[in-house]
**Student:** 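Let me give you the structure first, and then I'll get to my questions.
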Amino acid sequence: MGSTIHNIELKVGKGGQMARSAGASAQFAAREGLYASVRLKSGEIRKVHVDCRATIGEVGNDEHNLRVYGKAGAVRWLGVRRRCAAS
């Protein structure tokens, strides 16, 4: 018990929905009958059906939010536009 996991399904066969972004992970805490307890980085504990799949380990690129773009144009080059005020 206590394995680090990511890409966790919430419904059997639906595909991973939790802990998918860069650097995300959760911890497999315990197994109780048909449900397993998963501790998220936020501290929340979720119960997930034991037949749901997950991937062992953490998602890579955990320092993606530390990038300093330096100027507004650098973000625009990536295709991100500023928010417009609703008129």
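For the single chain, residues carry numbers from 1 onward in sequence order. Computation of the quantities below employed the complete heavy-atom set of this structure, encompassing side-chain atoms and omitting hydrogens, waters and symmetry-equivalent molecules.
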**Student:** Identify, with sequence neighbours excluded, every residue that meets ring pair (Phe, Tyr, Trp, His ring centres under 6.0 Å) alongside Tyr35.
**Tutor:**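 Scan of Tyr35 (ring pair (Phe, Tyr, Trp, His ring centres under 6.0 Å), adjacent residues dropped) gives His49.
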
**Student:** Could you tell me if the side chain of Glu9 sits less than 4.5 Å from the side chain of Gln17, heavy atoms only?
**Tutor:** no

**Student:** Restricting to non-hydrogen atoms, name the atom on Ile8 and the atom on Ala54 that form the minimum distance, rounded to 0.1 Å.
**Tutor:**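 Heavy atoms only, the tightest pair is CG1-CB, 4.0 Å.
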
**Student:** Considering only residues two or more places apart or on different chains, which pairs with a residue in residues 52-71 satisfy ring-ring contact (aromatic ring centres under 6.0 Å, His included)?
**Tutor:**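 As it turns out, there is no ring-ring contact (aromatic ring centres under 6.0 Å, His included) pair with a partner in residues 52-71 once direct neighbours are skipped.
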
**Student:** Mark yes when over 12 heavy atoms from residues, nucleotides or ligands other than Lys41 sit less than 6.0 Å from its NZ; otherwise mark no.
**Tutor:** yes

**Student:** My understanding is that a hydrophobic cluster links ILVMFWY residues whose side chain heavy atoms are under 4.5 Å apart, including indirect links. Using that, what else belongs to the cluster containing Val12?
**Tutor:**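 The other cluster members (ILVMFWY side chains, heavy atoms under 4.5 Å, direct or chained): none.
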
**Student:** Quick one: CG on Leu40 to CZ on Arg46, what's the gap to the nearest 0.5 Å?
**Tutor:**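 Separation between the atoms: 7.0 Å.
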
**Student:** If you compare all heavy atoms of Val50 against all heavy atoms of Ala36, which two are closest, and at what distance to 0.1 Å?
**Tutor:** CG1-N, 4.0 Å

**Student:** Ignoring hydrogens and angles, write down the donor-acceptor pairs under 3.5 Å from the side chains of residues 21-33, residues two or more places apart or on other chains.
**Tutor:**
from  : atom 1 : to    : atom 2 : distance (Å)
Gln27 : OE1    : Arg39 : NH1    : 3.2
Gln27 : NE2    : Gly2  : O      : 3.4

**Student:** Please list all pairs meeting salt bridge (Lys or Arg N to Asp or Glu O under 4.0 Å) that have one or both residues in residues 13-25, counting only residues at least two apart or in different chains.
**Tutor:** none

**Student:** In a table with atom names and distances, give each donor-acceptor pair under 3.5 Å that connects a side chain of residues 55-63 to protein atoms at least two apart or in another chain.
**Tutor:**
none

